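Everything numeric here is computed off the predicted structure, so don't read it as measured data. We count ligands from 1, going down the list as the structure has it; atoms in each ligand are counted the same way.
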Amino acid sequence: MTIGPADVEAAAGRIGGRVRRTPVLEVDGAELGVGHPVVLKLELLQHAGSFKPRGAFNRVLGEPEPPAALVAASGGNHGVAVAHVGRSLGIPAEVFVPELTPPTKLERIAALGAQLVVGGSVYDDAQAAATARAAETGALLVHPYDHPLVVAGQGTMGRELGEQATEVDTVLVAVGGGGLIAGVAAWFGGRVEVVGVEPERIPALYDALAAGHPVDVDVSGIAADSLGARRIGAAPWAVASTLVRQVALVTDDAIREAQRWLWDQVRLVAEPGGAAALAALRSGAYRPRPGERLAVVVCGSNTDPSSVTSA
Ligand SMILES: Cc1ncc(COP(=O)(O)O)c(C=O)c1O
């Protein structure tokens, strides 16, 4: 089953009023070393500090009956989102996270009242534990990216951006398991070029596009808690394999530099995964054509501010 604009439109109707319409900021291209103004989509100002509530709300509200309980695995942001969704809808939530999840995210999940279970070294370990728990308890498993409703929900971010910035040729989007980029690509359907950005130490979509199918990659580096999926999900791949033609790879140093730029120039604290797409532009990993009009999604803020402001 492929995911298209009608699914994103349906998601927008379902989750409307529950997610924020996040603002865009137009930045002079000269500040970023490119010819045209660049639109930053400030999705880090979303509830729960990332775009993730869009997909999680759509997944839960897409059920025919309200579920009795939610279970999810996450490197952190999806867990915060599911905790937020559970609290908003009055549904208990249990969140499995790996040991690499930073304290800021653990604290936020717990503060939102979700049951927190820490175990395993990377996100995939937590996913295996969450899947087993859902089978055991009958709770609804809210996958962070590998479900059509989650992909369509994330696509509402692209739909919004399309309304806010009508003159854009290309959107740069960070990629983990692929839910966000697939949703955005599904919405634009080729009308706008959608370029993926991954850390060079987690090239899941880059390697999948090269191989012609999803492959396992090693997971490491400073963005592993947000972009650390070992392979692209099947549902995102069905979309991204036809609509995403290019992935730019960025170093951890470039990500840090983009975080620093966002703090110095805009006074925003972005987490590494949230700054990755901007890092592609700042570092030259993505080189726009002359006159190419760009939007960059800044998609997560859940980090210790001092890791950015005192770096
Ligand atoms: C801040 C941030 N950006 C990007 C992503 C990647 O999203 P996806 O797994 O849908 O590709 C995540 C996933 O957790 C995230 O937290």
- Message: Less than 4.0 angstrom from a charged side-chain N to a carboxylate O is my criterion; do R54 and E160 meet it?
- Response: yes
- Message: Within ligand 1, which atoms have a heavy atom of L227 less than 4.0 Å away?
- Response: 3 (N), 4 (C), 5 (C), 6 (C)
- shortest atom 6 (C) of ligand 1-to-protein heavy-atom contact is with G176 N, 3.4 Å
- Task: Going by heavy-atom distance to atom 9 (O) of ligand 1, choose the closest among G183, G177, A276.
- Result: G177
- Message: Against ligand 1, does G178 come closer than 4.0 Å with any heavy atom?
- Response: yes
- Task: Please assess S226 against K52 for the test side-chain contact (heavy atoms from CB on, under 4.5 Å), listing each intermediate value before the final yes or no.
- Result: CA-CA 11 Å; S226 58; K52 290 279 181 177; over 6 Å; no
- Message: Pair R282, L32 - check side-chain contact (heavy atoms from CB on, under 4.5 Å), show working.
- Response: CA-CA 6 Å; R282 294 273 310 152; L32 290 162; 3.4 Å; yes
- Task: Could you check whether the rings of H84 and H47 sit parallel, tilted or perpendicular, using 30° and 60° as the cut-offs?
- Result: parallel
- Residue G179 vicinity, atoms of ligand 1 by number, heavy atom under 4.0 Å: 8 (P), 10 (O), 11 (O)
- Task: Please step through salt bridge (Lys or Arg N to Asp or Glu O under 4.0 Å) for the pair R133 and E136, ending with a clear verdict.
- Result: CA-CA 5 Å; R133 176 74 100 232; E136 180 187 310; 3.6 Å; yes
- Query: Should V175 be listed as contacting ligand 1, given a heavy-atom distance under 4.0 Å as the test?
  - Reply: yes
- Item | Protein contact to atom 7 (O) of ligand 1 [nearest heavy atom, distance to 0.1 Å] | F51 CZ, 3.3 Å
- Taking atom types as modelled, find out whether T22 and Q46 have a side-chain donor-acceptor pair closer than 3.5 angstrom. no
- In terms of residue, atom name and distance, what is the protein heavy atom nearest to atom 13 (C) of ligand 1? S226 O, 2.9 Å
- Task: State the atoms of ligand 1, each with its element, that fall below the 4.0 Å cut-off from a heavy-atom position in G300.
- Result: 1 (C)
- What about L268 and V297, same hydrophobic cluster or not, with Ile/Leu/Val/Met/Phe/Trp/Tyr joined at side-chain heavy-atom distances under 4.5 Å? no
- Item | Enumerated ligand 1 atoms positioned under 4.0 Å from heavy atoms of C299 | 1 (C), 2 (C), 3 (N), 4 (C)
- For N77, take its heavy atoms, then give the atoms of ligand 1 lying under 4.0 Å from any of them. 1 (C), 15 (C), 16 (O)
- Going by the 4.0 angstrom heavy-atom rule, the piece of K52 near ligand 1 is side chain
- Identify whether Y206 and V184 are in the same connected component of the hydrophobic contact network (ILVMFWY, side-chain heavy atoms under 4.5 Å). yes
